[in-house]
Amino acid sequence: MDNKPTELPLVLLLFGGTGDLAKRKLYPSLFNLFKKGYLQKHFAVIGTARHPLDDEKFQEVVRQSIAKNGTEGQVKEFAAHFRYSSHDVTDLKDYGKLKNMLAKLDKEFDAGGNRIFYMSVAPRFFGQIAQAIKSEGLMSDTGYNRLMVEKPFGTSYKTAEELQNQLESGFSDDQIFRIDHYLGKEMVQNIPAVRFGNPILDATWNKNYIKNVQVTLAEQLGVEERAGYYNTAGALLDMIQNHAFQIVGWLAMEKPSSFSDTDIRAAKNTVFSKLKMYDEREVVANFVRGQYGRGREVWQKSYTEEPNVPADSKNDTYVAGRLQFENDRWTGVPFYIRTGKRLAAKQTRVDIVYKKSSFDFGKFNQDKLSEPVLSILIDPVGGINFSLNGKNVTTEFETRSDLLKWSISDQDKVKTPDPYERMLHDAMNGDGSNFADWNGVSISWKFVDQIAKVWAEDKAPLEIYESATMGSVASDRLLAETGDRWIYRG
Ligand SMILES: NC(=O)C1=CN([C@@H]2O[C@H](COP(=O)(O)OP(=O)(O)OC[C@H]3O[C@@H](n4cnc5c(N)ncnc54)[C@H](OP(=O)(O)O)[C@@H]3O)[C@@H](O)[C@H]2O)C=CC1
Ligand SMILES: O=C1O[C@H](COP(=O)(O)O)[C@@H](O)[C@H](O)[C@H]1O
């Protein structure tokens, strides 16, 4: 049974209140928190954007984005908590109006001086907004002040550090909530439960028992309408620097001394500081890149045939690589990560490949033992698979590999909150466990910068892979070099 909800009073100031993210994700997520009782009477949301709107028109935008998710009465009652202020984030004088609105709504809704500032605008504005919130006195003296920052957090270590410095000029690190929606996914949050909740797994989560770890973030979709952004980012910046690294953080971390956000982040930081950084030669040896070519279906165009992609683009739509941690737990265990667009299937998963037993079952069982594999399936269907060795039904004794399977039930699926609902809820509770920590973010940027540099100088091949396959074959070779193979093959 779920715990009884505690009301979480606050005023949320949303920069980018008419944007795509707000309408598709943030309003439905806030509405769910309202229906569950975490938001009740004592909350207000101020939406801002440059476009002139009055409160009634803005409330209509909100109502439309949630209309399908509740009764007319619920929708109306929820939307009545929303106000609008036309505001240009680059114009300091506009912030005075927001300051007054915050104070007024805080009083009107008895919100306890709690404030969340959510930046759902283009990333180039993040630093400027954070500084203005501080300099123009938008923070409250009586409750909490928290800043939620959308992705991407910089485009290189240098720009991320500049942004961090700008945020830090107004907010301390425990007030900054860097969003990575993969950390809000149900089955990503299941990783620590499975790992630390089962002594049998906890005790064997190391180089003595694990042969390699695989993280796959495969997408079926192509670049869609986002070439303008994606052609400057590529799979490396779009998926590896953030989502893949954050998942690796949960898998590779030391056991935290408690399950508090501070201890969790500290345990992840300890392992991130042991990540082997690659020089140019090591980048080429440990990472491969690819770009999707045409597929067998007519509609499966090559990446360079997509709208707004330059015909000579060398952008990576596929990346695979090997991470290595130099510590007692992991030395010698490769962490393979891969992501790509226009692959054979949507599949987000982790495969933990255990070492094979060396027990001798006799002459009828030569080479019949397999490497046990624990698979944590994240999307599209959450679940856990464990492939184990057992006895085959044969006259002479021999073993075979059998699969234990669990999938999230339909009942649990319905109850599973969207990552944005979870992240908003966690930020309201001041729980930073499932947000990216600056230390980890800075290390992943330094690591990824090295790869980006080698690729920008064209010092590594770019393989064109056929759409609707599992991407670059060079990545199969990468694993084969160390006697490994991808567990998920599409
Ligand atoms: N959409 C998505 O699925 C995802 C988005 N994100 C991130 O979320 C953020 C928002 O993305 P998204 O909603 O798609 O963007 P949109 O372009 O749809 O919305 C941008 C919003 O910002 C407002 N805006 C733009 N310029 C200014 C300005 N100078 N002053 C005040 N407001 C301004 C716009 O309104 P107006 O033009 O009227 O000012 C609009 O409300 C980005 O950082 C993006 O990277 C992250 C993951 C997924
Ligand atoms: O952040 C991003 O993630 C999506 C994939 O997210 P998912 O939750 O559907 O797995 C990706 O398509 C997009 O390019 C990237 O910016």
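Just so you know, ligand 1 is whichever comes first in the structure, and atom 1 is the first atom listed for that ligand.
Considering backbone and side-chain atoms alike, P152 places every N or O at 3.5 Å or more from each N or O of ligand 1. Where the criterion is an N or O separation shorter than 3.5 Å, residue side chain and backbone included, Y230 fails it with respect to ligand 2. On a distance-only criterion, L21 and ligand 1 share at least one N/O pair closer than 3.5 Å. Considering backbone and side-chain N/O of T348, none are found under 3.5 Å from N/O of ligand 2. Checking only distances, K185 does come within under 3.5 Å of ligand 2, N or O to N or O.
From the protein, the heavy atom lying nearest to atom 12 (O) of ligand 2 is E219 OE1, 2.6 Å. Among protein heavy atoms, the minimum distance from atom 38 (O) of ligand 1 is reached at H51 N, 3.1 Å. The closest protein non-hydrogen atom to atom 6 (N) of ligand 1 is E150 OE1, 3.7 Å. Considering only non-hydrogen protein atoms, atom 14 (O) of ligand 2 sits nearest to D238 OD2, 2.6 Å. When only non-hydrogen protein atoms are considered, atom 47 (C) of ligand 1 lies nearest to Y420 OH, 3.7 Å. In terms of protein heavy-atom proximity, atom 32 (N) of ligand 1 is nearest to A49 CA, 3.7 Å. Given atom 27 (C) of ligand 1, the protein heavy atom at minimum distance is R50 NE, 3.5 Å. Of the protein's non-hydrogen atoms, the one nearest atom 6 (O) of ligand 2 is H181 NE2, 3.3 Å. For atom 10 (C) of ligand 1, the closest heavy atom belonging to the protein is S120 O, 3.2 Å. Remark: minimum distance from atom 30 (N) of ligand 1 to any protein heavy atom is reached at V89 N, 2.9 Å. For atom 9 (O) of ligand 2, the nearest protein heavy atom (residue, atom name, distance) is K346 NZ, 3.4 Å. With hydrogens left out, the protein atom closest to atom 3 (O) of ligand 1 is R24 NH2, 2.5 Å, a heavy atom.
For F125, the closest heavy-atom approach to ligand 1 falls below 4.0 Å.
A salt bridge links K36 with E421; the closest basic N to acidic carboxylate O contact falls under 4.0 Å. Using a cutoff of 4.0 Å between basic side-chain nitrogens and carboxylate oxygens, D410 and K413 are scored as salt-bridged. One finds a salt bridge joining D106 and R115 here, because a Lys/Arg side-chain nitrogen approaches an Asp/Glu carboxylate oxygen to under 4.0 Å. Salt-bridge formation is not detected for the pair E224/R226: no Lys NZ or Arg NE/NH1/NH2 atom is positioned less than 4.0 Å from an Asp or Glu carboxylate oxygen.
In this structure, K314 is not positioned above the aromatic face of W455 in the sense of NZ or CZ being under 6.0 Å from the six-membered ring centre and within 45° of the axis. A cation-pi arrangement is absent between K25 and Y420, since the terminal nitrogen or guanidinium carbon is not both under 6.0 Å from the aromatic centre and inside a 45° cone about the axis. For the pair R342 and Y292, the cation-pi test (distance below 6.0 Å, angle within 45°) is passed. In this structure, R338 is positioned above the aromatic face of W486, its NZ or CZ under 6.0 Å from the six-membered ring centre and within 45° of the axis.
Of all atoms in ligand 2, listed by their number and element, those nearer than 4.0 Å to a heavy atom of K341 are 11 (C), 12 (O), 13 (C), 14 (O). Annotation for ligand 2: atoms under 4.0 Å from non-hydrogen atoms of M239 are 2 (C), 3 (O), 11 (C), 15 (C). Heavy-atom contacts of V121 reach the following atoms of ligand 1: 9 (C), 10 (C), 22 (O), 42 (C), 43 (O) (cutoff under 4.0 Å). Which parts of ligand 1 touch D88 is read off a 4.0 Å heavy-atom cut-off, strictly below it: atoms 28 (C), 29 (N), 30 (N). With ligand atoms numbered from 1 in the order given, ligand 1 contributes 43 (O) to contacts under 4.0 Å with heavy atoms of F126. Which parts of ligand 2 touch H243 is read off a 4.0 Å heavy-atom cut-off, strictly below it: atoms 1 (O), 2 (C), 3 (O). Shown in contact with G19 at under 4.0 Å from a heavy atom are these atoms of ligand 1, numbered in order with element: 13 (O), 18 (O), 19 (O), 40 (C), 41 (O). Interface atoms of ligand 1 facing G16, defined by a heavy-atom separation under 4.0 Å, are 21 (C), 22 (O), 41 (O). With ligand atoms numbered from 1 in the order given, ligand 1 contributes 7 (C), 43 (O), 44 (C), 45 (O), 46 (C) to contacts under 4.0 Å with heavy atoms of K151.
Here the two rings, on F447 and F245, have centers that are under 6.0 Å apart. Between F325 and F335, the distance separating the two ring centers is shorter than 6.0 angstrom. Ring to ring, F126 and F153 are not that close: their centroids are 6.0 angstrom or more apart. Taking the six-membered ring wherever Trp is involved, the centroid distance between the rings of F117 and F15 does not fall below 6.0 Å.
By the 30° and 60° cut-offs, the orientation of the rings of H243 relative to H181 is perpendicular. Ring geometry for Y27 versus F58: interplanar angle over 60°, hence perpendicular rather than tilted (30 to 60°).
Contact annotation for Y182 and ligand 2: only side-chain heavy atoms (C-beta onward) come within less than 4.0 Å of the ligand.
Distance check, rounded to the nearest 0.5 Å: CD1 of I240 to CZ of F287 gives 6.5 Å.
Remark: the backbone N or O of A80 is paired with a side-chain donor or acceptor of R83 at under 3.5 angstrom.
Of the candidates D180, D379, D418, D379 is the only one forming a salt bridge (Lys or Arg N to Asp or Glu O under 4.0 Å) with K185.
Within the 4.0 angstrom cut-off, atom 17 (O) of ligand 1 has no protein heavy-atom neighbours.
With V61, T48, T18, D20 as candidates, the residue nearest to atom 1 (N) of ligand 1 on a non-hydrogen basis is D20.
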